[in-house]
Protein chains: 4
Amino acid sequence: MERAILEAAVALLEEGIPLSALSIERIARTAGVGKATIYRRWPGKEALFLDLLREFEPPDPELPGTSARDDLWTLLESVRRRGLAQRSSVILHNVIVEMKSHPTLWEEYHRTVVAPRREATLAVVRRGIADGEFRADLEPELINDLLVGPMLMHTVHRPGAPLPDDLAERILAAALQGVGPRPQPDPRPEATPHPAG
Amino acid sequence: MERAILEAAVALLEEGIPLSALSIERIARTAGVGKATIYRRWPGKEALFLDLLREFEPPDPELPGTSARDDLWTLLESVRRRGLAQRSSVILHNVIVEMKSHPTLWEEYHRTVVAPRREATLAVVRRGIADGEFRADLEPELINDLLVGPMLMHTVHRPGAPLPDDLAERILAAALQGVGPRPQPDPRPEATPHPAG
Amino acid sequence: MERAILEAAVALLEEGIPLSALSIERIARTAGVGKATIYRRWPGKEALFLDLLREFEPPDPELPGTSARDDLWTLLESVRRRGLAQRSSVILHNVIVEMKSHPTLWEEYHRTVVAPRREATLAVVRRGIADGEFRADLEPELINDLLVGPMLMHTVHRPGAPLPDDLAERILAAALQGVGPRPQPDPRPEATPHPAG
Amino acid sequence: MERAILEAAVALLEEGIPLSALSIERIARTAGVGKATIYRRWPGKEALFLDLLREFEPPDPELPGTSARDDLWTLLESVRRRGLAQRSSVILHNVIVEMKSHPTLWEEYHRTVVAPRREATLAVVRRGIADGEFRADLEPELINDLLVGPMLMHTVHRPGAPLPDDLAERILAAALQGVGPRPQPDPRPEATPHPAG
DNA sequence: ACTTAACCGAGACGGTACGTCATGTCTTCCA
DNA sequence: TGGAAGACATGACGTACCGTCTCGGTTAAGT
C-alpha cells in the first residue's frame, strides 16, 4: 500500500508533472486510493516526500580503506555520481527544496540522512589526521568542509550540468597542497604530496 | 506602493508566519491593498519574493586592495555577516528555497545577484594568481570554490547558528597552505600568514 | 443541506437584501457552508434560484368540475392568490426576472412549471367548448388568453398591489358576454351567471 | 459622446454578447472612452440601459379616428409590430428584464413609457364607451385589459415567435362578441348548450 | 493671444465576487 | 475492521468589474 502510493507519486513526477502540482488528491487518484489512506500514513504532503527521498537514497559507497585520501576520493565521487542519478537529479533536488520549508521534516532528513553521511566523512578525516595524512593543527571539520564544500559549489552555480569526471581528484590535490604559491626553492619534483612514499 | 506591499510581506514573516502561509490575499489584506494591485506588479507570489530578496541584499563590500588575500578575506567576511543580518537570516533562506521551485525566477536571481558576486570573487582570485599569491597551475574557479565552498558548508549543517568570527581567516589560511602534512624538514618559520590588517 | 442553503437564500431576501446582492459567497457564508458545496449542487446562481422558485410553487388548485366556467374561475383565483402569497410576491417576481436572462433555465422553468399550468387551463377551455359553454368557432388558445391575459395585466401595471377579490369573476363575466354593446332589444335579464359557490 | 456610448453598447449586444457580459468597462473600451465619462452621465449600468431602451422606442402610432374599434386595432397592431422590430426584439426584452431589478429605474421607465401608452389605449376605450361601441357597465380598465392582455400572453408563451398577422383582429372580434355561446336566433332559454342532443 | 477651466482617455486604486482547486477532517458504505 | 469514495468547511488561486480617483493632454471660452 505504502509502496503503491510512493510509486504513484514517482510516476507522476516522471511524467513531468512539476512538484508543485503534486497534490495529495492527485496522488490518491493516481494510486487508486482514498485520501484518508494517505493521511493515515503521513501527516502531510511533505512527510510523504521525505519517504520518497529515502526511497531514492543510494547506498553508502564501500571504502577501499587503503588510505584516508583514497577513502575521501571515494566519498567525493559518490557525491558527484549521486548528482547524475537518472531519476533523481532534478526531481529530488526539488523535493529537498520543497521539504526545506518544513523545519521539522527537514531536521529529520538532516539527522537521519545528511548528518550520518557527514559523520562518515569526518571519521575518515580524523583517521587521516591520526595517520599523518592531514595536518594535525586543523580541526577535522575545517578539513572536511575544505574538501566537500567545493563539490557543492559546482551544483550551486551550474545546476543541471554534470560534474567533471576529475573534480574529486582535483579538489583533493589542491586542498592537500594548498593554493598558495609553491615553495620554489624546493627542487623536489613533489609528485605526490607525501614525500617519503 | 511597491514598498508598502513588500513591507507587509516582511512584517508577516517577522510575526512568525511561515512562508507557506504567505498568501497573496493575506499580503494584500495586511498592506491594505487590493489583490489586483499586487498582480499588476508581479506575476505571482514567487516573483514578489524575488523583489523581497533584492530588498535585503546588502551592498557589496568595499575591498581594501592591499592584496588578493585581504580582498578575499573581506569578501568571505561579507558572506559570513550576511548570514547574520538581523531580519534576513532564516527568513531569507526560506524565501530562496521557495523561489528555487520557479526555475525562471531562480535563474534571474542567480544571474543578477549570485553570479555577479561570484564573478567579483573570481576576479580577485585571478589577480592573486597574476600577482603570485596563488598557484598559477590551478584554475581560478577551483581556487574560488576552495575558499567559498567551506563557507557555505557551515550554513548547510548548522542552520541558524552564527558563523564563528575567525571562520574566514581559518579557511583562507588552511586553503593557502593546504591540509596535507606540513613539510616538517623545513626549518624556516614561515610566519603564520598575517590576517587582514 | 440543500434545504439549509435555500433557506439561507430566502432568509437574506427576506432581510431585504436585493437580489443583485445575493452572491453565492454570501449565501454560503449565511448558510455556514462552503462555496464548493453550493457549486456541487447547482452550476450557478441562477440554477439555485430555479430551485428556490420551485420551493415556493403552490400546489395546483383542486377543480370543482361542476362546469368549465367554475373550473376556470378556480384557476384564475389561484393565479390571483399566488400573487398574494406572503413570502413570495415581490421577491419571487425578481427571481423570475433574474432567471429570464438565462435562457436554458428559463426554458426549463417554463417547461416544467408554466406550460403545465397553461395546459391545465387549456384543457378546461377545450372541455368548455365541447360542452357548449364556449363558442366552438374560436381557437381554445384565444379563449384561454382572453381569460388569463387580463389577469396578468394587473400585476404588470400595479406591481405589489393586491388584485381585487372579484377580479376573476369580472373577467369571466366580461369575456363570456363580450365587451361590445349589449343586444338591447333583448329584454330578458339573462341574470349574470352566478359565480362558483 | 452619449450616442457613441449607446451605440457601442448596442453594437456589443448585436455581436451576440449576452447582456450579462455588458460591463461598463467593456462598453467604455468598445466606445474608446474612459470609464469616468460613462459614470459622469449615468449612475450605473442599468440607467444606461434605460436610455438604451428609449433609443429604440418606436413612435406612437397615428390613430385613424374612424371608430374606437379601428383605433384600438391600430394600437394593438403597433404592440404586435414592436415585438418584431429587427434589432430590438430579444435584446430589448432582456434589457427590460435586467432593468426590472432596479425598482427606481423600472418605475421611471413605466412612468414615462409604459403608462402613457396604457393611458392612450384607455382614452380610446373610454371614448368607445361614450360612443356606445363598448358596454357602459364595465370599467374601462377591464375592457382595456381584456384587449391588451391576450396580446401579451403570446409573447410570454412563445418567446421569439412572431405574432400572427390577424392576432389583433381576432382578439378584438372575440372580445367584442364574447366567448360564451352565441345567442342563436333560437328563442329557447338556451338551457343546455347543445339543443338537438 | 493667453489663461483657465472643463472635459477627455487612460488606467491605478481598494474592494467584492467569480468558479476552481486543494487542504485536512469526517462520514458512509462495501468487502 | 479497514479501506475507497467522496462530502464537508475553509480558504487561496488569478480574473473581471465595480465605482472612485488621479493623471496629463486637449479643447473652449473668457479675458
Side-chain angles (χ1 to χ4, degrees), chain A residues 1-2 4-5 8 20-48, chain B residues 1-2 4-5 8 17 19-48, chain C residues 1-2 4-5 8 17 20-48, chain D residues 1-2 4-5 8 17 20-48:
Chain A
M1 178 64 41
E2 219 130 329
I5 294 169
S20 56
L22 256 210
S23 54
I24 287 206
E25 303 231 352
R26 180 102 95 122
I27 295 173
R29 228 178 299 133
T30 303
V33 136
K35 278 202 297 176
T37 307
I38 294 188
Y39 280 108
R40 210 171 290 126
R41 288 172 162 68
W42 294 277
K45 204 194 317 195
E46 296 76 14
L48 189 155
Chain B
M1 178 64 43
E2 221 129 327
I5 294 169
I17 278 97
L19 189 71
S20 56
L22 255 211
S23 54
I24 287 204
E25 303 229 356
R26 180 104 95 122
I27 295 173
R29 230 178 298 134
T30 304
V33 137
K35 276 202 295 176
T37 305
I38 295 187
Y39 281 109
R40 214 173 284 127
R41 288 173 163 64
W42 296 278
K45 205 193 312 193
E46 297 77 13
L48 188 156
Chain C
M1 179 64 43
E2 221 128 330
I5 294 170
I17 278 96
S20 56
L22 256 211
S23 53
I24 287 205
E25 303 229 357
R26 180 104 95 122
I27 295 173
R29 229 178 298 133
T30 303
V33 136
K35 276 201 296 175
T37 304
I38 295 186
Y39 280 109
R40 212 173 287 125
R41 287 173 164 65
W42 295 279
K45 205 194 311 193
E46 296 77 14
L48 188 157
Chain D
M1 177 66 40
E2 221 130 327
I5 293 169
I17 277 97
S20 56
L22 257 211
S23 53
I24 287 205
E25 301 231 355
R26 179 102 94 126
I27 295 172
R29 231 178 298 134
T30 303
V33 136
K35 279 201 296 175
T37 306
I38 294 187
Y39 280 108
R40 212 172 287 126
R41 287 171 164 66
W42 295 278
K45 204 192 318 194
E46 296 77 14
L48 188 156

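All chains are named by letter (A, B, ...) in the order of the sequence lines, taking the proteins before the strands, and each is independently numbered beginning at 1.
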Give every pair of a protein N or O atom and an N or O atom of nucleotides 1-3 of chain F that lie under 3.5 Å apart, one pair per line with the distance.
| unit_1 | atom_1 | unit_2 | atom_2 | d |
| --- | --- | --- | --- | --- |
| F/dG3 | OP2 | A/R40 | NH1 | 2.5 |

Measure all distances between protein nitrogen or oxygen atoms and nitrogen or oxygen atoms of nucleotides 28-31 of chain E, and list the pairs falling under 3.5 Å.
none

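Place B/G32 and C/A21 on DNA chain E by their nearest nucleotides, and B/G32 ends up nearer the 5' end.
Residue A/I38 contributes atom CD1, which lies 15 Å from atom P of F/dG6 at whole-angstrom precision. Rounded to a whole Å, the CZ atom of B/R29 is 11 Å from the P atom of E/dT16. Across the protein-nucleic acid pair, B/L48 atom CG and F/dA12 atom P stand 16 Å apart, rounded to whole Å. Straight-line distance from the CD1 atom of A/I27 to the P atom of E/dA22: 11 Å, rounded to whole Å.
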Do any side-chain atoms of residues 20-31 of chain C form donor-acceptor pairs under 3.5 angstrom with protein atoms, and if so which ones, sequence neighbours left out?
| unit_1 | atom_1 | unit_2 | atom_2 | d |
| --- | --- | --- | --- | --- |
| C/S23 | OG | C/R26 | N | 3.2 |
| C/E25 | OE2 | C/K35 | NZ | 3.1 |
| C/T30 | OG1 | C/R26 | O | 2.9 |

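Residues that satisfy the side-chain hydrogen bond (donor to acceptor under 3.5 Å, both in side chains) test with B/R41, not counting sequence neighbours, are B/E2.
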Nucleic acid footprint by protein, nucleotides 18-28 of chain F - heavy-atom cut-off 4.0 Å, B for base, S for sugar-phosphate alone: BBBB-------
